[in-house]
Visitor: 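Below are the structure tokens for one structure; questions will follow.
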Amino acid sequence: MHAAVPLGEFGDGWPPGVPVQFHTMDADEQGDADVARALAETIDGAELFRYPGDRHLFTDRSLPEHDPAAAALVVQRVLAFLAAVG
């Protein structure tokens with residue numbers, strides 16, 4: 001969440017069959033939203049969730065950039081993801 005690392009940083013690429021989700025705000029310049037989009041297009045079965053806004057750590061309740069609505073969606077989606085893969 002909140003950031004992405006280019007696929008080349010993983011050596012041979014993303015391991016086949018390993019599920020992944022990306023959660024980022026559309027205009028977050030710190031979170032590498034463009035990298036998350038590229039990864040989601042490259043990794044088979046990857047899920048990309050984009051939220052409106054430009055906040056970086058939008059799920060952190062202790063920060064002023066917290067977005068309660070977006071954070072609630074992240075929690076729902078991550079719990080569903082974990083239930084599906086667990």
Visitor: Please lay out, stage by stage, how Gln21 and Phe49 fare under the test side chain to side chain contact (heavy atoms under 4.5 Å, CB included).
Guide: CA-CA 8 Å; Gln21 283 186 341; Phe49 295 103; 3.5 Å; yes
Visitor: Decide yes or no on side chain to side chain contact (heavy atoms under 4.5 Å, CB included) for Asp54 and Met25, but give the supporting numbers first.
Guide: CA-CA 6 Å; Asp54 62 357; Met25 285 203 156; 5.7 Å; no
Visitor: Could you list the donor-acceptor pairs under 3.5 angstrom formed between side-chain atoms of residues 28-40 and any protein atom two or more places apart in sequence or on another chain?
Guide:
unit_1	atom_1	unit_2	atom_2	d
Asp28	OD1	Gln30	N	2.9
Asp28	OD1	Gly31	N	3.0
Asp28	OD1	His56	ND1	3.4
Asp28	OD2	Gly31	N	3.2
Asp28	OD2	His56	ND1	2.7
Arg37	NH2	Asp26	O	3.2

Visitor: Can you tell if the side chain of His23 reaches within under 4.5 Å of the side chain of Val74, non-hydrogen atoms only?
Guide: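 Yes, at least one pair of side-chain atoms sits under 4.5 Å.
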Visitor: With heavy-atom distances below 4.5 Å as the criterion, would you say the side chains of Asp60 and Glu65 are in contact?
Guide: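 No; the side chains remain at least 4.5 Å from each other.
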Visitor: What side-chain donor-acceptor pairs closer than 3.5 Å can you find for residues 9-16, not counting sequence neighbours?
Guide:
unit_1	atom_1	unit_2	atom_2	d
Trp14	NE1	Val18	O	2.7

Visitor: Is a donor from one side chain sitting under 3.5 angstrom from an acceptor on the other, for His2 and Thr59?
Guide: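 Yes - a donor-acceptor pair under 3.5 Å links their side chains.
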Visitor: Show me the side-chain donor-acceptor pairs of residues 77-86 shorter than 3.5 Å, one per line, residues at least two apart or across chains.
Guide:
unit_1	atom_1	unit_2	atom_2	d
Arg77	NH1	Tyr51	OH	3.2

Visitor: Membership question, hydrophobic clusters at under 4.5 Å side-chain separation (ILVMFWY): are Leu73 and Phe58 in the same one?
Guide: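 They do share one cluster, since a chain of ILVMFWY contacts under 4.5 Å joins Phe58 to Leu73.
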Visitor: Given the rule that I, L, V, M, F, W and Y join up when any side-chain heavy atoms are under 4.5 Å apart, are Leu48 and Ile43 in one cluster?
Guide: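 Yes: a chain of side-chain contacts under 4.5 Å links Leu48 to Ile43.
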